[in-house]
Amino acid sequence: MRRRNIGLREINGNEEERKSYLQKLKVKQPENLFDALEIVLKISAGSQFVAEALEASVPAYEYACEKLKLTPLQVALFAAILENCQNGSCEPSELADHFNVSNMKIMAISKDTDELLHRRYVTKSFRKFDGDMGYLVPKNVVNALKEKEKFVAEKPEFKTDEKLLDYIDDLFCQRDDDYLDESSLTYELNNAFKLNHKLNFVKEFGKLTKNLNAVEKLAFLVSVMLFYQKKCEAVTPKMMGFVFDGHSTVNALTHALADGNSKLIKLDLLEPSCVNGQAVGDEYALTKMVKQQLFAGKVVRTSGNVSRYLKSPDSIEYKELYYNETEKVQVDTIRELLRADRFKEVQAQLVEAKQRPGVCILLSGGPGTGKTESVKQWAKESNRSIMQVDIAQLRDKYVGESEKNVQEVFDIYRQCLRDCDQAPILLFNEADAIINKRMVNAARSVDKSENTIQNIILQNMEDFEGIMIATTNLVCNMDDAFERRFLFKVELDKPCLDARKSIWHSMMPDISEKDVNVLAHEFDGFSGGQIENIARKAFIDKIMGRGIDLTSLRKYCQQEHFSSKKSAHSAIGFRYE
């Protein structure tokens, strides 16, 4: 315990000297609030709360009471806490020592200390390791005193859910740093919810928790906030436990959750966290119902700005694409579906019919058949951004990291989905490696990791709410579980005669109709990508001052045709003769 010798105790001598010193303090006119509090501190030291040490007519008391809108006793308590918390929190025993009273006397005036707490002149500090509670004067109060300003505690009233959630997160941080104990935290939370009862989050949270006790409600709020701040998807009772004063509360919560007896489980608020269909220890996650009810359309925090993951539709160059008749029906359906107004309408009706609102599309076909370009043009047409996944960068040499990277892709996409006016497209380009058949009885760690990655993708596709498109050359090797989850499966074949003519015309508008017919008929196995290569070579010739005629174009076609034939024997994927 820190003992201080202040005020009357500073006078060593007879009683007359002490009375003279006290009288001088009582009549001294303070120049500012700090000066007034210092005088009050000296007068109240060792006073045992006697009336003469708490006189409202004393200039220092009168000045401080008027500025702080407190009673003389409350002013004396505030001055003592301010003095004693400079090197840590001010414990009740230190207040007893300052006023020279028993600890029970300090407990008897708890209404006055509670008033300081409610007015936010002081906050509680709680040390978990030894259970000691103390008081602190917040920095904003001290700064107001230094600036000679009147401190007015701001009421935690907010206009948006996000502002309220940020305030709650700050309260939890104070609790974690021992600036609040459980009762103070509960008081502040109840006050915030009461003042913001019109906000949607408060209304929905109240509906979900109306049948919970205080412990369950607080534990649930911790789980909600950890999800909101994107610190973790799943929580354990231990992670919730920082808000509670005693270990017994956490132990009881742990057993209730594990046994399934907790209302958090029974009311479908939390569910066991699963990976690959297996429950993970004592981890629990918010149910889909809770996420939709509390956060549907709301911002959930992520680390960093999600816009850096997106390719804007404005950055995509327009290209005319041509499809075979067999492909065109599905392609037109997809283009219609992705229209901004149409997609939202379809999603709303799917939700109403209790069907999954997400749309997953698989584009298969050989190289150069326009899989990736189709996605880009659909995004541009529908004014959607693209979040393109580089699968190679997801893989990590450390065990478990690749799986985390894959899950993070979906977490980031969900954030993009909330932040964007139009649902962006999640593009897994060249997804052969991640949608192929899973290994049976995998023994090697690499094979187990691959299976886990695929299971993570499958699980996320099951609950997907946006637009996901995957492209592949190896559709024949696709796992059956993936095939079921793709709503649209479009195979883009090499262009037919009419499509080839259109591509030649669009790529090389200067050549004649006759030459187009010759090239389209003679080189019937070309993809759009191969025709583009030839067009680029011809354009380079034009830049270098060389003429472009049918002979030179045939030469380039033969070179391209030879290259494709040569690689056909070693290529993995579709072969086109």
Side-chain angles (χ1 to χ4, degrees), residues 4 6-8 22 25-86 89-125 133-157 174 179-181 183-184 187-188 190-191 195:
R4 298 178 183 275
I6 302 172
L8 299 180
L22 180 61
L25 289 175
K26 285 186 176 183
V27 299
K28 184 177 180 182
Q29 295 291 333
E31 296 180 1
N32 51 57
L33 191 52
F34 264 128
D35 192 22
L37 291 173
E38 185 178 10
I39 295 171
V40 167
L41 185 72
K42 291 181 178 180
I43 293 175
S44 62
S47 65
Q48 298 183 334
F49 296 134
V50 295
E52 64 176 2
L54 302 172
E55 292 181 12
S57 60
V58 172
Y61 273 108
E62 187 175 7
Y63 186 94
C65 289
E66 172 62 25
K67 291 289 185 182
L68 299 175
K69 304 301 180 185
L70 298 173
T71 67
L73 175 56
Q74 291 163 1
V75 167
L77 287 168
F78 177 68
I81 292 171
L82 180 63
E83 172 67 18
N84 283 275
C85 77
Q86 298 307 304
S89 65
C90 173
E91 298 173 13
S93 59
E94 291 178 289
L95 292 177
D97 181 54
H98 172 79
F99 291 105
N100 194 24
V101 296
S102 66
N103 289 328
M104 286 188 290
K105 185 68 174 179
I106 296 296
M107 293 172 63
I109 60 167
S110 61
K111 287 186 178 180
D112 292 284
T113 50
D114 286 346
E115 183 62 22
L116 294 177
L117 289 168
H118 296 165
R119 299 280 293 276
R120 291 181 171 75
Y121 284 120
V122 302
T123 60
K124 281 185 180 180
S125 169
M133 185 276 295
Y135 300 98
L136 289 169
V137 178
K139 289 183 179 180
N140 59 337
V141 177
V142 175
N143 291 337
L145 296 176
K146 288 179 179 178
E147 299 296 327
K148 301 179 183 179
E149 296 177 356
K150 179 181 178 180
F151 172 74
V152 178
E154 294 183 4
K155 292 183 178 181
E157 294 181 279
Q174 291 184 50
Y179 288 118
L180 294 173
D181 63 1
S183 63
S184 299
Y187 171 83
E188 296 295 343
N190 288 338
N191 185 49
L195 290 172

**Request:** State, with a plain yes or no, whether a side-chain heavy atom of Val122 is found less than 4.5 Å away from one of Phe78.
**Result:** yes

**Fill in**
Rounded to the nearest 0.5 Å, the CE atom of Met107 sits from the NZ atom of Lys105 at a distance of 13.0 Å

**Request:** Before giving the answer on side-chain contact (heavy atoms from CB on, under 4.5 Å), spell out for Lys26 and Ile43 the whole-Å C-alpha distance, their side-chain angles and the decisive distance to 0.1 Å.
**Result:** CA-CA 8 Å; Lys26 285 186 176 183; Ile43 293 175; 4.2 Å; yes

**Prompt:** Of all heavy-atom pairs between Leu41 and Ala79, which one has the smallest distance, and what is that distance?
**Reply:** CD1-O, 3.6 Å

**Item:** Pro156 side chain reached by Asn191 side chain, heavy atoms, under 4.5 Å
**Value:** yes

**Message:** For Asn103 versus Ser93, what's the shortest heavy-atom pair and its separation?
**Reply:** OD1-CA, 3.5 Å

**Prompt:** Does the side chain of Phe34 reach to within under 4.5 Å of the side chain of Leu82, using non-hydrogen atoms?
**Reply:** yes

**Request:** First locate atom OH of Tyr61, then atom CD of Glu55, and finally report the distance between them rounded to the nearest 0.5 Å.
**Result:** 9.0 Å

**Asked** Does the side chain of Thr113 come within less than 4.5 Å of Tyr135's, by heavy atoms?
**Response** yes

**Message:** I'd like to check the side-chain hydrogen bond (donor to acceptor under 3.5 Å, both in side chains) partners of Glu115; sequence neighbours left out, ordered by chain and number.
**Reply:** none

**Request:** Compare all side-chain heavy atoms of Leu95 with those of Cys90 and state whether any distance is below 4.5 angstrom.
**Result:** yes

**Request:** Go through the steps for Cys65 and Thr71 under the test side-chain contact (heavy atoms from CB on, under 4.5 Å), then give the verdict.
**Result:** CA-CA 6 Å; Cys65 289; Thr71 67; 5.8 Å; no

**Request:** Would you check, one step at a time, whether the test side-chain contact (heavy atoms from CB on, under 4.5 Å) holds for Tyr121 with Val137?
**Result:** CA-CA 6 Å; Tyr121 284 120; Val137 178; over 6 Å; no

**Fill in**
Between Gln74 and Asp112 the two heavy atoms that sit nearest each other are NE2-OD1, 3.1 Å

**Message:** If I take atom CG from residue Leu73 and atom CD1 from residue Ile109, how far apart are they, to the nearest 0.5 angstrom?
**Reply:** 5.0 Å

**Message:** Run the side-chain contact (heavy atoms from CB on, under 4.5 Å) test on Val58 and Val40 for me, step by step, so that the C-alpha distance in whole Å, both residues' side-chain angles and the decisive distance to 0.1 Å come before the verdict.
**Reply:** CA-CA 9 Å; Val58 172; Val40 167; over 6 Å; no

**Message:** For a quick test of reading the model, state the closest non-hydrogen atom pair linking Tyr63 to Leu33 and the distance between them.
**Reply:** CE2-N, 3.5 Å

**Complete:** Between Leu68 and Arg119, the two heavy atoms sitting closest are O-NH2, 3.0 Å

**Prompt:** Taking atom OG of Ser47 and atom NZ of Lys42, what is their separation to the nearest 0.5 Å?
**Reply:** 15.0 Å

**Prompt:** Does Phe49 reach the side chain of Ser44, with side-chain heavy atoms less than 4.5 Å apart?
**Reply:** no

**Item:** Pairing residues for Lys28 by the side chain to side chain contact (heavy atoms under 4.5 Å, CB included) criterion, not counting sequence neighbours
**Value:** Asp35, Ile39

**Prompt:** Which atom pair, heavy atoms only, marks the closest approach of Pro92 to Ile106?
**Reply:** O-CG1, 4.0 Å

**Message:** Can you tell me how far apart CD (Glu91) and SG (Cys85) are? Round to the nearest 0.5 Å.
**Reply:** 12.0 Å

**Request:** Check whether any side-chain heavy atom of Val75 lies under 4.5 Å from a side-chain heavy atom of Leu37, and answer yes or no.
**Result:** yes

